[in-house]
J.: 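Before we start, here is the structure in question, set down as structure tokens.
Residue numbers begin at 1 in each chain, while the letters A, B, ... track the order of the sequences. Worth saying up front: this structure is predicted, and the values here are computed from it rather than measured.
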Amino acid sequence: MSPSERLAARETDALSIRSVGMSFGSLSVLDGVSFGVAPGETLGLVGPNGAGKTTLLDIVAGARRCDGGQVLLSGRDVTRLAADRRCRLGLARTFQVPRPFGDLTVFENALVGAVRGAGLRGRAAYDDVRGALVLTDLLAVANAPASSLRLLDRKRLELARALAMRPRVLLLDEIAGGLTDPETAALVGTVRRVRDGGTAIVWVEHVLRALTQVATRLVCLSAGRVLAEGAPGEVLADLGVRAAYFGRSVL
Amino acid sequence: MTAGTGGGAVTAGTAAEGRFAVRRWSRTASVAAAGSVVAVAALAGVPYYAGTSAEQPLVTLFCLVALASLWNLMAGFAGLTSFGQQAYLGAGAYALYAAASMGLDPFAAIPLAAAAAGVLSLPVSFAVLRLSGGHFAVATWVLAEILRLAVTLAPSAGGNTGVSLPGVSGYDALLRQALTYWWALAVAVCSVAGVYALARSRFGLDARAVHSDPVAAASAGVAVGRTRRWAYCLSAFGTGAVGAVLFANTLYTQPGSVFGVQHSVAMMFMVVIGGIGTIEGPILGALVFFALQQALSGYGPWYLVLLGAAGIAITLFAPRGLWGSLAAPRGWSLFPIGHHISGTS
């Protein structure tokens, strides 16, 4: 796909990113990154450390401003909207380093997402939270303060809070690290179910065996540029070739 | 229950966990609420059966309870550690002076004075809420100092010598003191009940989330700026009411004392030693502060030294405050604000 074709983004995309650029002083972190994700599609975002993956998620979520380019949610330009507005338009994210509301219980953490993100109230909000906690296996610790959770449960809570928002676009940032095989299988099942509900997912992940079970397309970022894009098999093969050329793995 | 058992897990879970319920109230809370109503009713009758000697200290106590609860709304729930609430104490007092000078009945004008403080806090909030943490605390303090200087330099507001409350000469002294007492009680009850209702509402959930992590709160859809602004302005509104009541009580106000930073120190002391982020804590803190004030007032400057020592001891040995350290490990809650889930196994 040529850049111009990519710019003529599919009208139906839940999320499209057009020529996003970002630099810190003279250091370019992202340069002309474009891609789109359709409802019910999972796009895997891979690349070496420092490629700009988390910065890109921050820009999409509204935690950071980009220097150039556009972010569109269902065709609406949200480049200048604050993070909370984007969330209420159906965008949810998880943080790579978990950011729980430490003073709130696990249940209340997800309740914030259900009430503000999904706009639910009363019983509907409670049932939504319960569903998210069941999916992430956190119901047993629902009354515990989030600050008391160990790292793995904090990562689960990131996902629970995002799921409680009933997002149309979900950004996942390295949620599979440190899981056992059965836990990874359970997580893959959860992400699949969310995707099958019509949510567009962008998943940044180093654990490729988890990612490739769900992602139908991969985008490989390197030094802030799209190095490769396409079906997972092709991209990974392509990367293999490049690794052979450059004498190092880009992943 | 595991996450990976597919769609059946949720359905099966629903059948097995029919007991799933969210509790926000308890029998203890009902008893506490009923007890509070009885206590307020008994206190409302004080002017009839106890007289002025009981009214005077209680007016002070009620004002302390209100100030602590209002500071807790802002600092304990929304995470805004202001050091400049004396600005609104003074704004309320001087707004009452302005209203009474124009011929309004001073007691009827107390809500107006509160509203004036609330209105003043709105433009101020746009300036100070751009800052956070220590910068916010210092900025609010500086702002209170600016207000103090402005009043000091304004001859129409009495300048440095202060002003007396006009329009009270028509009142019989006994009635005037009873009215002041009832206003103080009303402001304290409204502050505590208002903060309690807010803490239980969706706003309270937002505020606690913003306090814990503003970045994560924004990404979960919470309007961080608006939540902070409401907490700040509502706190200023209530503090303005207290300022007006204190003025009506002493009949005299002076920029040097009403705009003094010692008011913020007292608010912080009460909330921190009582238990920040709870409804019970600031009330307990106000009672402790009031008791210490009464017991130690004869010791001159040693009073402040002893007060400071008490504050240090409590922050060291009970960092969650008296109520937090007592209640949290035992699961006590007289005024619950959270959500308790049952049917989770």
Side-chain angles (χ1 to χ4, degrees), chain A residues 61-63 82-88 91-95 98-109 111-113 115-119 121 123 126-127 129-131 133-143 146-147 156 158 161-162 164-165 182-183 185-190 193, chain B residues 1-14 16-17 19-24 76-79 200-227 276-278 320 324 328 331 337-345:
Chain A
D84 60 305
R85 296 280 308 280
R86 295 187 200 196
C87 172
R88 293 197 290 275
L91 181 97
R93 73 164 316 178
T94 68
F95 289 97
R99 305 188 74 139
F101 304 128
D103 298 336
L104 276 63
T105 66
V106 167
F107 181 87
E108 288 170 334
N109 264 266
L111 186 62
V112 175
V115 169
R116 290 307 177 196
R121 304 216 181 156
R123 188 74 217 179
Y126 296 157
D127 287 342
V129 170
R130 182 179 176 280
L133 295 183
V134 167
L135 274 175
T136 50
D137 206 13
L138 283 173
L139 197 60
V141 290
N143 289 320
S147 57
R156 286 181 168 138
E158 283 292 321
R161 193 167 64 196
M165 297 178 208
E183 284 168 343
L187 178 68
V188 165
T190 303
R193 200 180 320 170
Chain B
M1 177 176 297
T2 58
T5 41
V10 177
T11 329
T14 311
E17 294 166 15
R19 296 166 293 115
F20 172 78
V22 179
R23 268 195 305 114
R24 304 207 62 196
F77 290 112
R200 281 178 63 88
S201 71
R202 285 179 295 148
F203 169 83
L205 190 66
D206 288 352
R208 289 161 64 212
V210 167
H211 188 180
S212 277
D213 190 328
V215 174
S219 83
V222 178
V224 174
R226 198 165 57 202
T227 304
I276 195 164
T278 64
R320 304 173 72 174
I337 54 176
H339 301 73
H340 191 87
I341 313 311
S342 52
T344 57
S345 54

J.: Which answer fits A:Asn143, side chain, backbone, both or neither, if we ask what part of it has an atom under 4.5 Å from a heavy atom of chain B?
T.: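 When you check distances to chain B, only side chain atoms of A:Asn143 fall under 4.5 Å.
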J.: In Å and rounded to the nearest 0.5 Å, what is the CG to CZ distance from A:Leu104 to B:Arg208?
T.: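 Output value for this atom pair is 4.0 Å.
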J.: Is it the side chain or the backbone of A:Arg121 that comes within 4.5 Å of chain B heavy atoms, both, or neither?
T.: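 The side chain, not the backbone.
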J.: For B:Ser219 and A:Phe95, which heavy atoms make the closest approach, and how far apart are they?
T.: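 In this case the closest contact between B:Ser219 and A:Phe95 is OG-CE1, 3.4 Å.
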J.: Kindly compute the distance separating CG (B:Leu205) from CD (A:Glu108), expressed to the nearest 0.5 Å.
T.: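 The CG atom of B:Leu205 sits 6.0 Å away from the CD atom of A:Glu108.
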J.: Do A:Arg130 and B:Phe20 come close enough that some side-chain heavy atom pair is under 4.5 Å?
T.: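 Sidechains of B:Phe20 and A:Arg130: in contact.
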J.: Between A:Arg86 and chain B, which part of the residue has a heavy atom less than 4.5 Å away: side chain, backbone, both or neither?
T.: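 Looking at A:Arg86, nothing touches chain B.
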J.: What part of A:Phe107 lies closer than 4.5 angstrom to a heavy atom of chain B: side chain, backbone, both or neither?
T.: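 Side chain only.
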J.: Charged N to carboxylate O under 4.0 angstrom, A:Arg99 versus B:Asp213?
T.: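 A salt bridge links A:Arg99 with B:Asp213.
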J.: Between A:Asp84 and B:Val222, is any pair of side-chain heavy atoms under 4.5 Å apart?
T.: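 SC-SC contact between A:Asp84 and B:Val222 ruled out.
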J.: Heavy-atom distances under 4.5 Å only: say whether A:Pro182 touches chain B with side chain, backbone, both or neither.
T.: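 No part of it gets close to chain B.
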J.: Chain A heavy atoms under 4.5 Å from B:Arg24: which part of the residue, side chain, backbone, both or neither?
T.: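 Just the side chain, heavy atoms under 4.5 Å.
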J.: Looking at every non-hydrogen atom in both residues, tell me the closest pair between B:Ile341 and A:Ala142 and how far apart they are.
T.: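 So the minimum-distance heavy-atom pair works out to CG1-CB, 4.1 Å.
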J.: Out of A:Leu111, A:Leu138, A:Thr105, A:Val129, which one racks up the most heavy-atom pairs below 4.5 Å with chain B?
T.: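 Counting heavy-atom pairs under 4.5 Å, the top option is A:Leu111.
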J.: Given heavy-atom pairs under 4.5 angstrom as the criterion, report whether the side chain, backbone, both or neither of A:Val115 touches chain B.
T.: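 Answer is side chain: those atoms of A:Val115 sit under 4.5 Å from chain B.
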J.: Which atom pair, heavy atoms only, marks the closest approach of B:Ala209 to A:Phe101?
T.: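 Where B:Ala209 meets A:Phe101 most closely, the heavy atoms are O-CD2, 3.5 Å.
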J.: Which heavy atom in A:Cys87 sits nearest to a heavy atom in B:Gly221, and how many Å separate them?
T.: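 Smallest interatomic distance, heavy atoms only, reads SG-N, 3.2 Å.
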J.: For the residue pair B:Ala216 and A:Arg161, what are the closest heavy atoms and their distance?
T.: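 For B:Ala216 versus A:Arg161, the nearest heavy atoms are CB-NH2, 3.7 Å.
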J.: What closest approach, in Å, do B:Phe203 and A:Arg116 show between heavy atoms, and which atom pair accounts for it?
T.: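 Scanning both residues, the minimum pair turns out to be N-NH2, 4.3 Å.
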J.: Check whether more than 12 heavy atoms from other residues, nucleotides or ligands sit under 6.0 Å from atom CZ of A:Arg88, and answer yes or no.
T.: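 Check passes, neighbour count above 12.
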